[in-house]
Each structure stands twice: as C-alpha cells, then as structure tokens.
2 protein chains.
Amino acid sequence: MLKPVASARVVDIVREQLRGAILSGELAPGSRLSVPELARQLEVSRSPVREAVLLLVGEGLAIEHSRRGVEVVNLTLADLLELYELRASMDSLAARLAAARMSSTDLTALRGVLDAQGAAAIGDWRGFRELDARFHQIIVQTSGNRRLARHAELLSREMRLAGPLHINESWHLKQSHEEHREIERALRQRDGPAAELAMHAHLTRVAGTVAAHHRPQ
Amino acid sequence: MLKPVASARVVDIVREQLRGAILSGELAPGSRLSVPELARQLEVSRSPVREAVLLLVGEGLAIEHSRRGVEVVNLTLADLLELYELRASMDSLAARLAAARMSSTDLTALRGVLDAQGAAAIGDWRGFRELDARFHQIIVQTSGNRRLARHAELLSREMRLAGPLHINESWHLKQSHEEHREIERALRQRDGPAAELAMHAHLTRVAGTVAAHHRPQ
DNA sequence: AGCTTGAGTGTTACATGCAACAGGTAAAAA
DNA sequence: TTTTTACCTGTTGCATGTAACACTCAAGCT
C-alpha cells in the first residue's frame with residue numbers, strides 16, 4: 001500500500017522555513033526580507049525565495065513596499081484588537097457550526113487539548129498559547145466550512161506576530177482556560193447557540209483585557 | 001501640485017488584467033492558466049505572469065495543482081453557500097461597526113447606490129449585481145476594521161465566480177433591494193444592532209433562496 | 001552649518017535558459 | 001484487440017543575467 005509522493009518543491013520548503021522563522025520570532029517584526037540574502041542563507045536560487053516571500057505577504061505575515069522590499073509585519077495594539085474583533089465573529093460562527101458536526105473523536109481531541117492546557121497552566125505561557133491555538137484550530141476545522149477554516153487560520157497566524165502585546169499573567173490564562181471549558185461543554189452538549197455565545201464572549205473578553213492592560217486608564 | 005507617480009509594475013497590470021478577465025467570465029471557470037501562453041498574449045515575459053497567477057491563487061480565484069498548472073476555480077453550489085455563510089457573519093459585523101462610524105458623506109454615497117439600484121432593478125441584473133457589490137463594499141470599507149474589509153473583499157470577489165448559480169429573477173432582486181433599504185435605514189439611524197441583524201437576515205435569506213432554487217424540493 | 005551632488009552598494013523587477021515532468025499519441029508487442 | 005513502450009509537445013519549477021531603482025554616505029558647494 002504505497003502512498004503517493006508529494007512532490008517536494010523548493011518553494012514549499014522555503015515557505016515553511018520562513019513562516020516558522022517569523023512565527024518563532026527568529027525573524028523579528030520589522031526585519032527586512034532580502035531575497036538575495038535569504039537565498040544565500042538557504043542555499044537555493046532567488047526564484048523560489050521570491051515566490052515564498054510573496055506568499056507570506058499574501059498571508060499577511062509580511063508587508064510589501066513596492067520596489068523597496070518586503071518586511072515582517074509589526075503589529076500595533078490597534079491591529080491586534082482588529083484581529084480579535086474579526087476572530088470573535090468568525091470563531092463564534094465556527095463554534096455554532098461545529099456544535100452540530102463534531103464527531104466524538106473531535107470532542108475527545110478537544111478534551112485532550114484542554115486537559116493538557118490545564119496541566120500546563122502553572123506558568124508555561126508558551127505551551128499554553130500553543131494549546132490555545134490548537135483548541136481554536138480544532139473548532140474551525142470541524143466547522144465544515146472550508147473557507148471559514150482557511151481565513152480563521154490566517155488570522156490566527158497573524159495574531160501570533162503580536163507576541164509582546166499578549167498577556168501572560170496566570171490569572172488571565174486561568175480565566176481563558178475556564179472559558180475554553182465552557183465552550184467545550186456547550187459543544188459536547190451540541191448546543192450551537194450556547195457555543196457561539198461562549199466563544200464570542202471569550203474573545204471579546206480577551207480583547208478587552210488586552211486593551212485595558214496596554215491602556216492603563 | 002504634482003501627484004506621486006505610482007511605479008507601474010508589470011506584475012500589477014497583469015494581475016488586474018487577469019482578474020478582470022476571470023471576473024468577467026472571459027476566462028471561464030475551469031480554464032487552464034498557462035503561464036507561457038498568457039505571457040505571449042500579454043507580450044511580457046513569463047516572470048510577472050507567473051507571479052500574477054500565483055497572486056490570483058492566493059486570492060482564491062484560481063487553484064493550483066502542484067506541477068500540473070493553475071486553473072480558474074469552478075464553484076459548486078456548496079462553495080457558494082459556504083461563502084454566503086461566512087459573509088453573513090463578516091458583513092453583519094461590518095454593518096454594526098459601520099453604524100457607529102459612517103460619515104454623512106458615506107451615507108450619501110450609500111443612498112446614491114441604492115437609488116441607482118432602484119432605477120436599474122427593472123431587468124438589468126448585471127448592473128444590479130454591480131451595485132449590490134458596491135453597497136456591501138461601502139459598508140465593509142467604512143467599518144474601520146481594515147482586515148475585515150480585506151477579507152470581505154476577497155470573499156466578495158470569489159462569489160462573483162459563481163455567476164450561473166445566482167438568481168436573476170426580478171422578484172428576488174426587488175426583495176434584495178428592499179432589504180438593502182432596511183439596512184441603510186438602520187445605518188442612518190446609527191442603530192448598530194439593527195443594522196447587524198438586518199444584514200445577517202439579508203444574506204441568510206439570499207443563501208436560502210439560492211439553495212432552494214437549485215435544489216427543487 | 002545646511003544643502004546638493006554623485007559615487008558606490010545592494011535590491012527589485014523583469015527577462016530568459018533549461019532540466020525534469022506531465023500528458024498525449026502513435027508504434028510495437030502481447 | 002489490448003497493453004506496453006517510446007516519442008513528442010508544452011509546461012512547470014528553478015537558476016541566473018541584468019537594467020532600473022532605492023538608499024547611504026561622503027565630497028563639494030552655498
């Protein structure tokens with residue numbers, strides 16, 4: 001039983017590498033993405049690198065200044081709040097749809113993520129965020145609306161660029177975890193409207209907390 | 001008072017041309033987008049054409065089959081309903097936000113579009129759709145959330161690919177126009193929740209009508 | 001000093017060359 | 001006839017050449 005070989009194109013590998021470097025912070029916000037320079041480092045020609053860089057622009061992770069190069073996006077607080085606003089809308093739609101379509105396997109996976117998150121909540125905010133992303137990802141993926149999943153995924157990645165703007169205090173992480181539990185409960189009971197409301201309340205609350213945290217009064 | 005000259009890059013012109021050709025149906029859904037062929041027709045080299053084609057893939061107007069070329073997407077009814085579902089969510093958010101931020105100039109523009117639509121409603125469904133797109137565009141643009149505007153715009157373009165799936169019967173266009181009027185009324189009264197509800201009801205109703213029209217029972 | 005000018009460096013954007021690949025068709029083998 | 005093979009055609013994907021452009025900085029001018 002042989003599986004088809006996915007033709008490993010150079011551009012795909014480069015895209016993954018660059019995305020990883022950007023999301024991990026290795027390529028910091030504001031960094032210039034020089035095609036010749038990256039090509040030298042990755043030891044490939046400029047063509048696939050140029051293509052990959054433009055794809056990242058399309059994903060919203062980098063911004064293009066016509067004829068003056070591309071650089072990693074540097075999100076402001078306003079940008080992050082925009083993203084939360086949009087995700088509140090999209091993810092709550094996803095939650096409502098997912099409530100009606102989730103398989104028991106999906107629910108188990110979701111529960112697993114939450115349990116892991118509960119265990120990690122002690123102080124490891126890095127792992128916590130990772131699991132948070134996974135939680136939301138499972139929901140949008142099972143919504144059954146592929147475009148919703150794609151756009152939500154794009155927004156999710158974009159938000160990860162705002163690392164220093166997020167809040168890592170334990171009370172906030174605990175609160176998020178509680179809200180995740182509530183969403184999961186609604187999903188398990190297949191209560192679409194409740195899941196939708198809980199998701200919307202969750203993301204709106206987080207956005208408010210982030211805003212308050214960065215605007216002292 | 002000289003205006004800055006926007007460096008007209010070949011890739012931008014090609015992208016516009018291809019987008020136009022696709023949205024107008026000149027390049028029909030399913031058509032293969034051969035880079036060398038298009039380069040010959042447009043009388044430019046393959047590089048900017050290749051780039052433009054990949055951008056269209058990123059916009060969702062074309063689909064890439066690894067090493068087997070790119071073709072114009074061919075939307076199914078299910079795809080169109082997915083798009084309506086997502087837009088119902090995004091556009092209703094936009095309507096709520098726009099209610100609080102619209103300037104009187106924006107409101108006048110919106111009214112102008114509606115009046116033109118009312119006049120065109122006689123039987124010119126082509127012009128009607130054009131104005132419909134403009135109506136929604138004004139609202140998402142004035143929402144103040146740039147990402148929302150960008151993603152909604154992408155969805156709007158994608159929907160235009162489903163030409164033959166749309167309904168052009170006059171009673172349906174009239175109904176849409178009425179609902180647009182209602183949305184505009186809520187916006188003019190700066191009633192965010194009402195605008196949100198009206199927009200959501202509008203798009204959900206349209207989606208339902210489209211579904212019913214294509215699934216006889 | 002403050003401002004132009006111009007050399008120098010590095011990049012972008014476009015053009016083009018070419019190997020590997022995909023798909024079709026016709027000839028050869030079963 | 002059906003299957004296999006070989007060949008042919010056109011494309012994709014990567015590499016590379018290069019003109020025009022953008023930025024820096026230091027010399028020259030006011």
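If you're wondering where the values come from, they're calculated on a predicted model, not measured in any experiment. Convention: sequence-line order gives letters A, B, ...; per-chain numbering from 1. Heavy-atom basis, side chains included; hydrogens, waters and symmetry copies ignored.
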| query | Does R9(A) put a side-chain nitrogen or oxygen below 4.0 Å from OP1 or OP2 of dG13(D)? | reply | yes
| remark: Looking only at dA13(C), dC14(C), dC14(D), the nucleotide nearest the V10(B) side chain is dC14(C)
| query | So, the side chain of S156(A) versus the backbone of A152(A): is there a donor-acceptor pair under 3.5 Å, distance only? | reply | no
| field | Interatomic spacing from CD in E184(B) to NE2 in H177(B) - rounded to 0.5 Å | value | 10.0 Å
| query | Would one find more than 12 heavy atoms of other residues, nucleotides or ligands at under 6.0 Å from atom CZ of R134(B)? | reply | no
| request: Measure the NE2-NE2 distance between H213(B) and H166(B) for me, rounded to the nearest 0.5 Å. | output: 12.5 Å
| Which parts of residues 13-22 of chain A get close to DNA chain C, meaning a heavy atom less than 4.0 angstrom away? | none
| said: Rounded to whole Å, how long is the line connecting atom NE2 of H65(B) with atom C1' of dC21(C)? | reply: 16 Å
| request: Please check if the distance between the ring centroids of H180(B) and H136(B) is under 6.0 Å. | output: yes
| Does R40(A) make a side-chain N or O approach to OP1 or OP2 of dT11(C) shorter than 4.0 Å? | yes
| field | Interface residues of residues 42-63 of chain A with DNA chain D (non-hydrogen, below 4.0 angstrom) | value | V44(A), S45(A), R46(A), S47(A), P48(A)
| field | Short N-O contact, D132(B) and R129(B), less than 4.0 angstrom | value | no
| request: Grab the CZ-P distance between R67(B) and dA20(C) for me, whole Å please. | output: 11 Å
| task | Drop me the distance from M159(A)'s CE to L83(A)'s CG, to the nearest 0.5 angstrom. | result | 5.5 Å
| query | ring-ring contact (aromatic ring centres under 6.0 Å, His included) with H172(A): which residues, sequence neighbours excluded? | reply | none
| For the pair made of CG in D12(A) and P in dG13(D), what is the distance, rounded to whole Å? | 9 Å
| request: Return the nearest nucleotide to the side chain of E64(A); candidates are dC14(C), dA13(C), dC14(D). | output: dA13(C)
| Distance in Å, F128(B) CZ paired with Q117(B) CD, rounded so as to fall on 0.5 Å steps | 3.5 Å
| Value in whole Å for how far the P atom of dT11(C) lies from CD of Q41(A) | 11 Å
| note | Checking dC14(C), dT11(D), dT12(C) against the side chain of V35(A) (C-beta onward), the nearest is dT12(C)
| field | L33(B) CG - dT11(D) C1' separation (whole Å) | value | 13 Å
